[in-house]
Every structure is written in structure tokens, then in C-alpha cells.
Amino acid sequence: MSVRNIGYCCINLTVGHLKTSRDIKKATWLTPVGIELAVDCGIKNAIDILEILKWNELYGIKSYRMSSNLLPWMSEYEICDLPRFDELHQAYKNIGNYVKLHNHRVTFHPGHFNVIASLREDVVQKSIIDLSRHGEIMDLMGLDRSPFYAINIHINSLQPSKPEACERFVQTFSGLPLCVTSRLTLENDDSPNQYGVQDLYDGICKFIKVPIVLDFLHYEYGPDCNSKLPEMMSLAFSTWGNITPLTHMSSTRQLEEPKARKIAHADYIYNLIPEHQQDFDCELECKAKDLALFKYQNELQNLAHLILK
DNA sequence: CCAGGTCAAGGGAGT
DNA sequence: ACTCCCTTGACCTGG
């Protein structure tokens, strides 16, 4: 087996009381106590992240994507200026210590509003701030500045053209803080018009050190779909140096709801994660979260049992 | 207390 | 032109 660690994203459906995306709405944020409410959410979210990691450890799960809603409205302030910052920092340090002690891998997947290649300067600036906060939180956790702890995004712009958007991405990248550039990764898209592994490699990775996160479902529907998957895996994995590459796995929702759009994610996985001679980690993007991970592992065991017989 | 409406944000694709 | 999809369901109000 070349898949080393399989993880899930953000929500644990088994332990229902743990929440890591406590948030406040704009109207609440704008009240005089908005900032206290925001940091209170942040501290509670961080405490629950640690509880989820402990639960993961109990079940042998070493890979976990953290929510990007960890700290409400974080683009609106400097984290170190928050009231109760020491308390928040301690909660983050506890996470980082646990991650390192038990060899877990945690990542971020910041939202689609981050478009650092955007033609709109205001969008670029907001994206830089949001990505910086993600990097700063990982710094506060004491996590290495390495794409092992990936901050993974899409290019998310085709304007004014693919090559020019890549150029803008490369330019903006050089202005990002080290806490981001040292961890930033790029994921292949799910549409033939957008960015495949080859596009990312040619347009970005030849110029700056940004590893490619290969999403197996997106590969099916993206520009690379006529290429051989093993070759695309080799190409994506070659961008990781000596760091274990990260991948994403999911199944199309059409297998559960024929009328759903093919790029929508299913509750569970219906295909095996592809194999490769090189080890890699894999985050499952399933609506059923940890339940999907267990179901996949159980089916794998059944399969192995049948093969052995 | 619960159900339902609503929520900061970009961009592209499907209808 | 409008809705849905991606990332993260959870907040908040009115009954």
C-alpha cells in the first residue's frame, strides 16, 4: 500500500459535541463585544481541535484538515492584539505539541475567496491577509514552516488568461510572508478549462517552490483526464522534495444522487485510492467525514480478506 | 426550544 | 440572469 495516512476534513460526526467552526455573524461582530465573542469562539474551537486530534489518535488517524473558520473575523485584526491572546496562544501551542508528539499531519484549506492571482487589487490584498492569518496560526501552534503542514489553495482565476494568471500568482507569491510561502500548496481543478497538474507544474512550479496537491476526483474532470494518472501522480509528487506528498480523494455525488452535479462530493468513497510506488498521504473529502473513512477502511479489510482467500 | 432563513468574501460552470 | 458548487454548517430570530 502506498497510501500512508488517510485523514478527513474538519468535522467529526462521531463525536457530535465537538465543534471547531464556532462563528459570529457580521451584526454580532459589529457590536462592542464582537471581539470578545470572536476570541471566545476561537479559544473554544482550538480546545475542540485538540479533542478531535486525541480522538483521531485513539482510532489511528494521523491526518486531519483543520477548519478555516477557527477564528472568526480574523482578517479584521492582528491575532496578537486580541483580548485573552495568551489563552488563545496556549490553546494553539497545545495543538502543535500534540501534533508533533504523536506525528500527526494537520493542514488548512482556506476558502475560495482567496484569489492571489485576481485582477482586483482589493481581492489580492484581502487574500494576502487571510492566508497570512492561516500561516500565523500555524506559527502560534509551533508547527514547522514546511508544506507538510500544508496551506492548500486553488489559483481560482483564469483572468485575463491562464498564463497571465500564473504570472500574477508567481508575482504575488514573492510578496507573501514566509509563514505562508513555506507552507503554501496548489490543488488541481475539476474543470477542463481550469488548472490541471500539468498546468500548475508548467505555470507555477517551474518558477517557485509550491508543491501540488493532487485531487483524484478533480483529475477525472480536469485538463489532465486524458493523461495517464501514474504520470500525473509522479509529476505532482516530484514537487514535494523529501516531504510526503498530500492528495485528496472523493467520489462524485452522482453515484448517490443521479441528478447531482458531477463535481459535488458524495457522502462516501466508492473507489480505491490509486496506488503509487511513492508513499503519500490522503485527505478524504466526503460529506460523511470520519464515517466515510471507517467505511473505506472496513471495505479495504474485506477486500484484502477476499484476496487472501 | 426548535425550525427555517440567512450568512463577509470570488469565480466559474450549468441551466 | 440566476443558481449551484467549491471551502467549513452554524448563527440568529421568530414562532
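Residue numbers begin at 1 in each chain, while the letters A, B, ... track the order of the sequences.
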J.: Is the phosphate of B:dA8 approached by A:Ser75 (side-chain N or O, under 4.0 Å from OP1 or OP2)?
T.: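 No, A:Ser75 has no side-chain N/O under 4.0 Å of OP1/OP2 on B:dA8.
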J.: One thing to verify: whether A:Arg145 and A:Asp139 come together as a salt bridge, which I'm taking to mean a side-chain N less than 4.0 angstrom from a carboxylate O.
T.: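 Salt bridge present between A:Asp139 and A:Arg145.
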J.: Start at the 5' end of DNA chain C and walk down; is the nucleotide closest to A:Lys19 or to A:Asn69 reached first?
T.: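 Final value for this comparison: A:Asn69.
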J.: Taking OP1 and OP2 of B:dG14, is either one under 4.0 Å from a side-chain nitrogen or oxygen of A:Lys262?
T.: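 No, A:Lys262 has no side-chain N/O under 4.0 Å of OP1/OP2 on B:dG14.
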J.: Can you tell me the base-pairing partner of B:dA9? Count Watson-Crick or G-U wobble geometry only, both distances below 3.5 Å, and say none if there is no partner.
T.: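 Partner of B:dA9: none.
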J.: Is the distance from OP1 or OP2 of B:dG10 to the nearest side-chain N or O of A:Gln159 less than 4.0 Å?
T.: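 Answer no for this pair, as no side-chain N or O of A:Gln159 is under 4.0 Å from OP1 or OP2.
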J.: If I take atom CZ in residue A:Arg253 and atom C1' in nucleotide C:dC6, what distance separates them, rounded to the nearest angstrom?
T.: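 Value for this atom pair: 14 Å.
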J.: Between C:dC6, B:dA8, B:dG12, which one does the side chain of A:Trp73 approach most closely?
T.: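 Taking heavy atoms from C-beta onward, the closest nucleotide is B:dA8.
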J.: Between B:dG11, B:dG12, C:dT8, which nucleotide has the shortest distance from any of its atoms to the side chain of A:Ser118?
T.: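 Of B:dG11, B:dG12, C:dT8, B:dG11 is nearest to the side chain of A:Ser118.
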J.: Just checking, A:Lys289 and A:Tyr8: is the charged tip under 6.0 Å from the six-membered ring centre and within 45° of the axis?
T.: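 No, A:Lys289 does not lie over the aromatic ring of A:Tyr8.
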J.: Going by purine N1 to pyrimidine N3 plus the second Watson-Crick contact, or the G-U wobble pair, all under 3.5 Å, which nucleotide sits opposite C:dA1?
T.: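 Across all strands, the one nucleotide that pairs with C:dA1 is B:dT15.
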J.: Test A:Tyr92 against every option in A:Ile49, A:Asn97, A:Leu140 by the side chain to side chain contact (heavy atoms under 4.5 Å, CB included) rule and name the one that passes.
T.: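 Looking at A:Ile49, A:Asn97, A:Leu140, the match for A:Tyr92 under the side chain to side chain contact (heavy atoms under 4.5 Å, CB included) is A:Leu140.
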J.: Please report the distance separating the P of C:dA10 from the corresponding atom of B:dG11, rounded so that it comes out in whole Å.
T.: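 Straight-line distance between the two P atoms is 27 Å.
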J.: Measure from the side chain of A:Ala264, starting at C-beta and using heavy atoms only, and say which of B:dG11, C:dC6, C:dC11 lies closest.
T.: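 Closest nucleotide to the A:Ala264 side chain: C:dC6.
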J.: Calculate the interatomic distance between A:Asp122 atom CG and B:dG10 atom C1'; express it in whole Å.
T.: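 My rounded result for the distance is 10 Å.
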J.: Between A:Ser191 and B:dG12, is there a side-chain N or O to OP1/OP2 distance below 4.0 Å?
T.: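 A:Ser191 to B:dG12 OP1/OP2: no side-chain N or O under 4.0 Å.
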J.: Starting at atom CD of A:Gln254, determine the distance to atom P of B:dG14, rounded to an integer number of angstrom.
T.: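 Taking CD of A:Gln254 and P of B:dG14, I get 11 Å after rounding.
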J.: Expressed as a whole number of Å, how far does the C1' atom of B:dC2 sit from that of C:dC6?
T.: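 Per the computed distance, 30 Å lies between those C1' atoms.
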J.: Please check the phosphate of B:dG10 (OP1 and OP2 only) for any side-chain N or O of A:Arg120 closer than 4.0 Å.
T.: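 Result: yes.
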J.: Atom CG of A:Asp215 and atom C1' of C:dC5: how far apart are they, to the nearest Å?
T.: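 From A:Asp215 CG to C:dC5 C1': 14 Å.
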J.: Would you mind reading off the distance between A:Gln194 atom CD and B:dG10 atom P, rounded to a whole angstrom?
T.: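 Distance check: A:Gln194 CD to B:dG10 P gives 16 Å.
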J.: Going by purine N1 to pyrimidine N3 plus the second Watson-Crick contact, or the G-U wobble pair, all under 3.5 Å, which nucleotide sits opposite C:dT8?
T.: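 Its partner: none found.
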J.: Using a cut-off of less than 4.0 Å, is there contact between a side-chain N or O of A:Asn156 and OP1 or OP2 of C:dC6?
T.: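 Checking C:dC6 against A:Asn156, no side-chain N or O comes under 4.0 Å of OP1 or OP2.
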J.: With a non-hydrogen cut-off below 4.0 angstrom, is A:His154 in contact with a base, only sugar-phosphate, or nothing?
T.: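 If one applies the 4.0 Å heavy-atom cut-off, A:His154 turns out to touch nothing in the nucleic acid.
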J.: Reckon A:Ser127 touches a base, only the sugar-phosphate, or nothing at all at heavy-atom distances under 4.0 Å?
T.: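 Contact class for A:Ser127: none.
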J.: Give one of base, sugar-phosphate or nothing for A:Ser68, where a contact means two heavy atoms less than 4.0 Å apart.
T.: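 Contact class for A:Ser68: none.
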J.: Would you kindly give the CZ-to-C1' distance between A:Phe108 and C:dT8, to the nearest whole Å?
T.: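 One finds 12 Å between C1' of C:dT8 and CZ of A:Phe108, rounded.
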J.: Without decimals, in angstroms, what is the distance between A:His218 NE2 and C:dC6 C1'?
T.: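 Checked: the NE2 to C1' distance equals 7 Å.
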J.: For atom C1', what is the distance between C:dC11 and B:dG10, given to the nearest Å?
T.: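 One C1' to the other, the span is 23 Å.
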J.: If you measure from the ring centre of A:Phe113 to the centre of the six-membered ring in the base of B:dG10, is it under 5.5 Å, with the planes under 30° apart?
T.: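 One would not call A:Phe113 stacked on the B:dG10 base.
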J.: On the side chain of A:Arg261, is there an atom forming a donor-acceptor pair with the base of C:dC4 - under 3.5 Å, no angle test?
T.: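 Flag set: donor-acceptor pair detected.
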J.: Does this structure show an ion pair linking A:Arg84 with A:Glu87, if we count only N-O contacts that are shorter than 4.0 Å?
T.: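 The answer is yes: the pair qualifies as a salt bridge.
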J.: Report which part of the nucleic acid A:Asp189 touches: base, sugar-phosphate, or nothing (heavy-atom distance under 4.0 Å, all strands).
T.: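 Counting heavy atoms under 4.0 Å across all strands, no contact is made by A:Asp189.
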J.: Is it the case that the side chain of A:Glu187 and the backbone of A:Val213 share a donor-acceptor pair, with hydrogens and angles ignored and the cut-off at 3.5 Å?
T.: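 No; zero donor-acceptor contacts below 3.5 Å.
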J.: Provide, to the nearest angstrom, the distance between the CD1 atom belonging to A:Ile153 and the P atom belonging to C:dC6.
T.: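 To the nearest whole Å, that distance equals 19 Å.
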J.: Could you measure between the two P atoms, the one in C:dT8 and the one in B:dC7, and give it in whole Å?
T.: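 Going atom to atom, P in each nucleotide, I get 22 Å.
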J.: Between A:Asp190 and A:Ile263, is there a donor-acceptor pair closer than 3.5 Å when you use the side chain of the first and the backbone of the second?
T.: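 Absent.
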J.: For the backbone of A:Ile116 and the side chain of A:Arg168, can you confirm whether one donor and one acceptor N or O come within less than 3.5 Å of each other?
T.: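 Not at all, since once roles are kept as given, no pair shorter than 3.5 Å links the two residues.
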J.: Could you tell me whether the phosphate oxygens of C:dC6, OP1 or OP2, come under 4.0 Å of any side-chain nitrogen or oxygen in A:Lys287?
T.: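 Yes, A:Lys287 has a side-chain N/O under 4.0 Å of OP1/OP2 on C:dC6.
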J.: Select base, sugar-phosphate, or nothing to describe what A:Lys25 touches, counting heavy atoms under 4.0 Å on all strands.
T.: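 Counting heavy atoms under 4.0 Å across all strands, the contact made by A:Lys25 includes a base.
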